[in-house]
Trainee: 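Below you'll find the structure I mean.
Residue numbers begin at 1 in each chain, while the letters A, B, ... track the order of the sequences.
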Amino acid sequence: MTNPSDSHHYPEVSSRADFPGLESKILTRWEENQTFNKSIEQRVDEPDGERFVFNDGPPFANGLPHYGHLLTGYVKDVVPRYQTMRGKRVERNFGWDCHGLPAEMQTEKELGVSGRKAIVDFGIGNFNNACRESVLRYTGEWETYVNRMARWVDFENDYKTMNLDYMESVIWAFKQLWDKGLLYEAHRVMPYSWGAETPLSNFEIRLDDATRPRQDPALTVRFALDPVASDPGPLSIAAWTTTPWTLPSNLALAVGPEITYVVVKIEGGDLVVVAEAALENYERELSVGDEPPEVVATMTGADLAGRTYQPIFDYFAGRKNSFVIIGADFVETGDGTGVVHMAPGFGEDDQRVCEAAGIELVVPVDETGRFTEDVVDFAGQNVFDANPEVIKFLKARGNVVLRHETYDHNYPHCWRTDTPIIYRAVNSWYVRVTDLTDRLLEVNNEINWIPDHIQQGQFGRWLEGARDWSISRNRFWGAPLPVWRSDNPDFPRTDVYGSIDEIEADFGVRPTDLHRPYIDDLVRPNPDDPSGQSMMRRVPEVLDCWFESGSMPFAQHHYPFENVNEFEQHNPADFIVEYIAQTRGWFYTMHVLGVALFDKPAFANVICHGVLLDAEGRKLSKKLRNYPDPLEVFETVGSDAMRWYLISSPILRGLDTRIEADDSGIREVVRLVLNPIWNTYSFFTLYANADGYKASFNTSSTNTLDRYVLAKTSELVHNATAALDAYDLATACASVQSYLDALTNWYVRRSRERFWNTSGEPLDTDALDTLYTVLTTVARVIAPLLPFVAEEIWSGLHADEVEASNGGASVHLQDWPALDELPVDTDLVVAMDRLREVASAALSLREERNLRVRLPLASVTIAGVGSSIIEPLSDILADEVNVKQVLFSDDAEAFGAFRLKPNGRVLGPKLGKDVQTVIKAAKQGDWEMADDGTVSVAGHTLAEGDFELALDPKEGVAAAGLRGNDAIVVLDTETTESLEAEGFARDLVRLVQQARKEADLDVTDRISLSLGLEPEAKAVVAPHTDWIASQVLATAIEIVDPNEKSATDVDGRSVSIELAKRSN
RNA sequence: GGGCCUGUAGCUCAGUCGGUUAGAGCGCACCCCUGAUAAGGGUGAGGUCGCAAGUUCGAUUCUUGCCAGGCCCA
């Protein structure tokens, strides 16, 4: 910003803005003046003030921010800025998600230490220290990005999930759930990552592209049934599996009780049982020669249930209740044989069904995904590596494998290690989400979701089907499960701790770090063991990091150990925003904990935005480089343009949005939004400074255009307020954009001359004050949407104030414009908008007839209904379309023909079916108007209100219809010598202005002018000489013969110009 | 297989509580204006509103089915 001089009250504003440059200057000024801090502190806190609670979702900081973070970040800034201006106190603390698999995996890679054993050898303490450093590695870069994008957030008072206070709140939550009976421990089949050596929650395996295609072997194997009397011979039953490695753990087979099964005689005479529905699929294996399969017996699944068979591996032979056929409802015949092989240690259905049948499960696979010693033939092999070995082994047995094929399917992978997951029975702690389902759904109804269909759709459905949430991880870097247990089952005891005080009370030490391994060192004798031998030891697991981020609403405040009122009075938070996939991530975990702990929603309003894609609809990826580099965009185009680009897109309605690979879309924002605003500002300062005028906030102008633009601005304030109150950022942007058209393209353009300080005329302070008033209001409206540009403009308009405060004054410290600040004038707005349509029509007539606008015409005539409202605005129209007179005619039929437009909405209920006849007749012109104003058509009489009359221009007249056809615009295309002369004079003025520009003169410079004209032209120009002189600020004008060398052609005449700047 | 969302101009998207002539921006063509000027503006071409049936006097809009794409869940 250039400092205003004595006579200049505003900075000199270049018509071409350097947005990146001004953005960095403003950042410095905000920094120096602590503007963000002031914007919070100046708003009164409770009890008198109002609070708006924004909760910031914590990112992992072990990578750089990407576009998704930028988008979310902008939204996270727009809403709090708006609410701040509405008078609320909006504190914004950044948060960091520090724990969990991402951190551990990164550290494993960095240290070259992989796997549980290696980490234990390396030392859990050492490992966790490395994690602690690693997770904060990129916080500096994050801060840079966040600052650069004008996202105001407090980094100093940030929360970190690894802080002692935060973790204490987390274990408090755990204890609360425990006390409420919402936690339990179970040995259950879960998605398991052998890469990370830990179970995963059912939503982790659905993260992003964790599920993707994979090819696996599929094996159909035969199990020999123990014979019964009714058998036609020795039977075997065929089962199909895509996990051959689970066959050694097979303990049962499942059939569908309702399904029909057949016994087929195959090559060599063996009898095989499959579902009848599988015959076609297995035709080749079940046929003898070219004959179709020979069915020798038929039975139902119910008949088969209860029969026993011989295990194909003998590792677990003889186990109680095992190797039996069980009837189960989930069995289908789509894939496979209609017989399902059951390994209860490695399948969720398998476990459920077998447990019901009294079969105890076996899990001969260790934490790293390798077979244990139980499976002697494959011990030590990874299960996926063992697949081909198992197949080879079984094939060698001759009559076991019925078919071996490959199978392409979508298979879940570990989101961190990228290894294919397996299902495996493990010990884990669960939150009893299924007990809460009803309350989760009820409380969900209190949340305002944007877009709203998420509430009952994606989120509501997810809640309905939610399963118990596994919250323990067999890892190292995380909040510990605060559970201590007796190491002697003879003296069972479990203690759960919910605070550091409680721990200290029992262990006599006050922990200063709740992380492993320190927390594991806390051991004490089991009070229930009279012998004093057994000890209480902590269970080894740590908590799921989603449990920790879900605890953020209270844990960031160290609730309930501190800030009890602070949290309780502001739960739920007013606003959160993240991308839509968080319906099963952060949104979900916060909701579960909010309901479980407080029986309340965790947030009142939530925006779920969509995903950014490239122009081809692919995900943005570093490899493809299919997006513009954000830092480069900041430097070349600016952050405000990117902010607008993102927040005005359909992505905020939950849809995916495509972004160009270059920055063209963002540059377009500059052209369509930033430049118009900037040009208006630059225009204002140019003339206010030229006149040394200091404008003031003033809405009292009686000038029509002033009143129009004030009313339009009032409309903008209303629209933007409504949109932002509804968290509809895209609509807020749209309302600004359509307003800009009226401001720049109509008000400024039509008012330009009023800003020129023509000598002898008094300065039009109404115009300057009005434009100032409008601009200072617009600056406040766009403050959340374009914080830099708004700041620059507002600060320029209030340069004195900013200077007096040493740069401290800021648009972001202002109040949002009140709804009654500016006059509302609907009638005027309607009339003016109508007038603009008339002007368009008139200009199109000019173009059609090749009549340039500089050439004045005698008149324009408006004929038809509804034109009277623009009569008071005639001068503006005359000016815009350059005519001497605006005429209004009642005799519409002189220029056009009426067409009957029956009003279907009114007539429909009255006439029913006949409406269509009436409409048809009206279209054909088959109607008559009576003297009393009624219309008869197709045997019906239409009264006033039943119809409208449209006016179509007559052939051969220079006339154009308006939208809606209720009036026509007629242009008098007749030219006269005098009009031509005036047009020529205007052409000359234009030529001189161009020359002034080329001579690099200031708009206020006076000149002496020499016009070289031919004799005929001299005569034409003579009456307009004074006017020309005044238009081009010539204090002396002489008419001479043309200088042939420099002459140009103007309207068929040869003209030359010489001008010189006058010193005064 | 179920649920939700989307389908409107060459592209990106608004809109229509049902009314008979559906809008914007970009792109394209032509033109104008310029004391906001390496800007600005106007005009125009371009649409069977995914397809079909139903409800209705009337459907792009409501209902149902189908098709295509996306997301979520099995």
Trainee: Heavy atoms from C-beta onward define the side chain here; which of B:C26, B:U20, B:G35 lies closest to that of A:I919?
Mentor: B:U20
Trainee: Which nucleotide, B:A36, B:U43, B:C32, lies nearest any side-chain atom of A:R749?
Mentor: B:A36
Trainee: With the side chain of A:R467 defined as its heavy atoms from C-beta on, choose the nearest nucleotide among B:C31, B:A36, B:A74.
Mentor: B:A74
Trainee: Looking at B:A24, which nucleotide sits across from it as a Watson-Crick or G-U wobble partner, both distances under 3.5 angstrom, or is there none?
Mentor: B:U12
Trainee: Name the nucleic acid region contacted by A:Q456, choosing base, sugar-phosphate or nothing; use a 4.0 angstrom heavy-atom cut-off, strictly under.
Mentor: nothing
Trainee: Flag yes if more than 12 heavy atoms outside A:E258 fall under 6.0 Å of its CD atom; otherwise flag no.
Mentor: no
Trainee: Starting from the 5' end of RNA chain B, give me the residue, A:L743 or A:S844, whose nearest nucleotide shows up first.
Mentor: A:L743
Trainee: Can you measure A:R461 atom CZ to B:C72 atom C1' for me and round it to whole angstrom units?
Mentor: 11 Å
Trainee: B:A24 P sits how many Å from A:E668 CD, rounded?
Mentor: 16 Å
Trainee: Strictly by Watson-Crick or wobble contacts shorter than 3.5 Å, is anything paired with B:A38, and which nucleotide is it?
Mentor: none
Trainee: Look at A:R584 and B:C73 and indicate whether a side-chain polar atom (N or O) is within less than 4.0 Å of OP1 or OP2.
Mentor: yes
Trainee: How far does CG of A:L612 sit from OH of A:Y579, to the nearest 0.5 angstrom?
Mentor: 12.0 Å
Trainee: Nearest to the side chain of A:P650, which nucleotide is it out of B:C33, B:C13, B:U43?
Mentor: B:C13
Trainee: Have a look at A:R667 and say if it touches a base, only the backbone sugar-phosphate, or nothing, with a 4.0 Å heavy-atom cut-off.
Mentor: nothing
Trainee: Just by modelled atom types, is the A:M190 backbone N or O under 3.5 Å from a matching donor or acceptor in the A:E348 side chain?
Mentor: no
Trainee: Among the nucleotides B:G35, B:A36, B:C73, which one has an atom lying closest to any side-chain atom of A:W462?
Mentor: B:C73
Trainee: Counting Watson-Crick and G-U wobble pairs only, both distances under 3.5 Å, name the nucleotide matched with B:U60, or none.
Mentor: none
Trainee: What contact category does A:V1032 fall into here, base, sugar-phosphate, or nothing, at under 4.0 angstrom with non-hydrogen atoms?
Mentor: nothing
Trainee: Using 30° and 60° as the class boundaries, would you call the ring planes of A:Y687 and A:F755 parallel, tilted or perpendicular?
Mentor: tilted
Trainee: To the side chain of A:E847, which of B:G70, B:A36, B:U43 is closest?
Mentor: B:U43
Trainee: Within this structure, what is the CH2-to-C1' distance between A:W746 and B:C33, rounded to whole angstrom?
Mentor: 14 Å
Trainee: Is the shortest side-chain N/O distance from A:N882 to OP1 or OP2 of B:C32 below 4.0 Å?
Mentor: no
Trainee: Could you give the CG-to-C1' distance, from A:N903 to B:C57, as a whole number of Å?
Mentor: 14 Å
Trainee: The side chain of A:L1033 lies closest to which of these nucleotides: B:C33, B:C73, B:G35?
Mentor: B:G35
Trainee: Determine the contact category for A:R996: base if any of its heavy atoms lies under 4.0 Å from a base atom, sugar-phosphate if only primed atoms, P, OP1 or OP2 are that close, otherwise nothing.
Mentor: nothing
Trainee: Under a 3.5 Å limit for both distances, which nucleotide forms a Watson-Crick or G-U wobble pair with B:G1, could you say?
Mentor: B:C73
Trainee: Check whether any side-chain N or O of A:D946 sits under 3.5 Å from a backbone N or O of A:V906 as a donor-acceptor pair, and report yes or no.
Mentor: no
Trainee: Which part of the nucleic acid, if any, lies within reach of A:S840 when heavy atoms closer than 4.0 Å are counted: base, sugar-phosphate only, or nothing?
Mentor: sugar-phosphate
Trainee: In whole angstroms, how far is the C1' atom of B:G7 from the CG atom of A:L655?
Mentor: 11 Å
Trainee: Which part of the nucleic acid, if any, lies within reach of A:S682 when heavy atoms closer than 4.0 Å are counted: base, sugar-phosphate only, or nothing?
Mentor: nothing
Trainee: Considering only B:A14, B:C71, B:G35, which nucleotide approaches the side chain of A:Q458 most closely?
Mentor: B:C71
Trainee: Hey, is the side chain of A:R905 poking within less than 4.0 Å of OP1 or OP2 on B:C57, counting only N and O atoms?
Mentor: no
Trainee: From the options A:D764, A:D879, A:D691, select the one residue that forms a salt bridge (charged side-chain N to carboxylate O under 4.0 Å, His left out) with A:R754.
Mentor: A:D764
Trainee: Kindly write out the residues that satisfy side chain to side chain contact (heavy atoms under 4.5 Å, CB included) with A:E982, not counting sequence neighbours, or none if the list is empty.
Mentor: A:P856, A:K884, A:H1024
Trainee: What is the distance from CZ of A:R846 to P of B:C33, rounded to the nearest Å?
Mentor: 9 Å
Trainee: Could you identify the nucleotide paired to B:C51, looking across every strand shown and requiring Watson-Crick or G-U wobble geometry with both distances under 3.5 Å?
Mentor: B:G65
Trainee: Students often get this wrong, so: under 4.0 angstrom with heavy atoms, is A:F755 touching a base, only sugar-phosphate, or nothing?
Mentor: nothing
Trainee: Would you measure the distance from the P atom in B:C33 across to the matching atom in B:A24 and give it in whole Å?
Mentor: 24 Å
Trainee: Would you mind telling me which residue lines up with the more 5' stretch of RNA chain B, A:D741 or A:L855, judged by nearest nucleotide?
Mentor: A:L855
Trainee: If you check the A:V853 side chain, which of B:C33, B:A36, B:C26 turns out closest?
Mentor: B:C33
Trainee: Between B:C33 and A:R986, is there an OP1 or OP2 to side-chain N/O distance shorter than 4.0 Å?
Mentor: no
Trainee: Where along residues 908-917 of chain A does a heavy atom come under 4.0 Å from RNA chain B, residue by residue in number order?
Mentor: A:G908, A:G912, A:K913, A:V915, A:Q916
Trainee: Rounded to the nearest angstrom, tell me the gap between atom CZ in A:R16 and atom C1' in B:A39.
Mentor: 8 Å
Trainee: Work out how far the P atom of B:U60 is from that of B:A22, and round it to whole angstrom.
Mentor: 11 Å
Trainee: Could you tell me how far B:U64 sits from B:G3 if I compare only their P atoms? Round to whole Å.
Mentor: 11 Å
Trainee: Apply the test ring-ring contact (aromatic ring centres under 6.0 Å, His included) to residues A:W462 and A:F459: give CA-CA distance (whole Å), side-chain angles for both, the deciding distance (0.1 Å), then the verdict.
Mentor: CA-CA 5 Å; A:W462 175 258; A:F459 195 67; 8.7 Å; no
Trainee: Measure from the side-chain heavy atoms of A:N679 and tell me the nearest of B:G35, B:G25, B:A39.
Mentor: B:A39
Trainee: In whole angstrom, what separates A:I1007's CD1 from B:G35's P?
Mentor: 12 Å
Trainee: Any side-chain N or O of A:R671 less than 4.0 Å from the OP1 or OP2 oxygen of B:A39?
Mentor: no
Trainee: Which one is paired to B:A45, where only Watson-Crick or G-U wobble pairs with both distances under 3.5 angstrom count?
Mentor: none
Trainee: Verify the contact: side-chain N or O of A:R653 to OP1 or OP2 of B:A14, cut-off strictly under 4.0 Å; return yes or no.
Mentor: yes
